[in-house]
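So you know, we letter chains A, B, ... as the sequences are listed, proteins then strands, and number each from 1. All values below come from the heavy atoms of this structure, side chains included, with hydrogens, waters and symmetry mates left out.
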Amino acid sequence: GEDVEQSLFLSVREGDSSVINCTYTDSSSTYLYWYKQEPGAGLQLLTYIFSNMDMKQDQRLTVLLNKKDKHLSLRIADTQTGDSAIYFCAETRNTGFQKLVFGTGTRLLVSP
Amino acid sequence: DTGVSQDPRHKITKRGQNVTFRCDPISEHNRLYWYRQTLGQGPEFLTYFQNEAQLEKSRLLSDRFSAERPKGSFSTLEIQRTEQGDSAMYLCASSSQGEGTDTQYFGPGTRLTVL
């Protein structure tokens, strides 16, 4: 299909790990991105992974990429209440420039 | 701070009025993008500029919408004869073609409410 898919909601307790999953569509995507959006705000770039990588770690964030299944995940270690937000994955459609195609977002709720 | 800025942050207008939004990209970013985000959805691409040239427009961008980037720096997005369906968050992003990843950095958005 044409849609980038994400589960809508995830609830975790503070200190636990969170795993947010994404299924993308374009096997030729060069980069895949994770953005964070807090209420009423714009999108904050969290991290990205190049398509020839399987994993990327950046402090508390770990991105896993399974190209065969077109599956991307974001793991947040030691989740904090400040991590509560909506998380978007985005694939790139290379049409002479990198057009971002976003999923519908996963709302992460972290409870104390 | 040298991030992407947008003005205004909020706009309430009556149906049929014209509105204009402004985006100032990160300095020296030659690529600029507009996206629209409706409630509960991810952002959707509207249009793309490389320097002052508008190189792609989504079919979402009806003829009531026009975007400009006259000097290759700031950009404006105008909506004429607004409709209630235009209510959304309008996001601007910029990137540098010279940077290997061409990563897009977003502004805070302009939330439009059409009554």
Give the C-alpha distance, both sets of side-chain angles, the deciding distance and a yes or no for side-chain contact (heavy atoms from CB on, under 4.5 Å) between B:L91 and B:W34.
-> CA-CA 6 Å; B:L91 293 162; B:W34 286 97; over 6 Å; no

Anything in residues 103-112 of chain A with a heavy-atom distance to chain B below 4.5 Å? Please list those residues in order.
-> A:G103, A:T104

Pair B:R9 + B:D7, salt bridge at N-O below 4.0 Å = no

Basic-acidic side-chain contact under 4.0 Å: A:D83, A:R60 | yes

Distance-only donor-acceptor pairs under 3.5 Å for side chains of residues 47-55 of chain B, two or more places apart:
{"from": "B:T47", "atom 1": "OG1", "to": "B:Q54", "atom 2": "NE2", "distance (Å)": "2.7"}
{"from": "B:T47", "atom 1": "OG1", "to": "B:E56", "atom 2": "O", "distance (Å)": "2.8"}
{"from": "B:Y48", "atom 1": "OH", "to": "B:R31", "atom 2": "NE", "distance (Å)": "2.9"}
{"from": "B:Y48", "atom 1": "OH", "to": "B:Q50", "atom 2": "OE1", "distance (Å)": "2.7"}
{"from": "B:Q50", "atom 1": "OE1", "to": "B:R31", "atom 2": "NE", "distance (Å)": "3.0"}
{"from": "B:Q50", "atom 1": "OE1", "to": "B:R31", "atom 2": "NH2", "distance (Å)": "3.0"}
{"from": "B:Q50", "atom 1": "NE2", "to": "B:Q97", "atom 2": "OE1", "distance (Å)": "3.2"}

Pairwise disulfide (SG to SG under 2.5 Å) hits with a residue in residues 42-112 of chain A, at least two apart | A:C22-A:C89

Non-hydrogen atoms of chain B under 4.5 Å away: do they reach the side chain of A:Q37, the backbone, both or neither?
-> side chain

Where does A:L45 contact chain B at under 4.5 Å (heavy atoms): side chain, backbone, both or neither?
-> side chain

Relative to chain A, which segment of B:Q37 carries a heavy atom at a distance below 4.5 Å: side chain, backbone, both, or neither?
-> side chain

In chain order, what residues pass the ring-ring contact (aromatic ring centres under 6.0 Å, His included) check against B:F74, with sequence neighbours excluded?
-> none

Proximity of A:Y35 and B:F106 rings by center, below 6.0 Å = yes

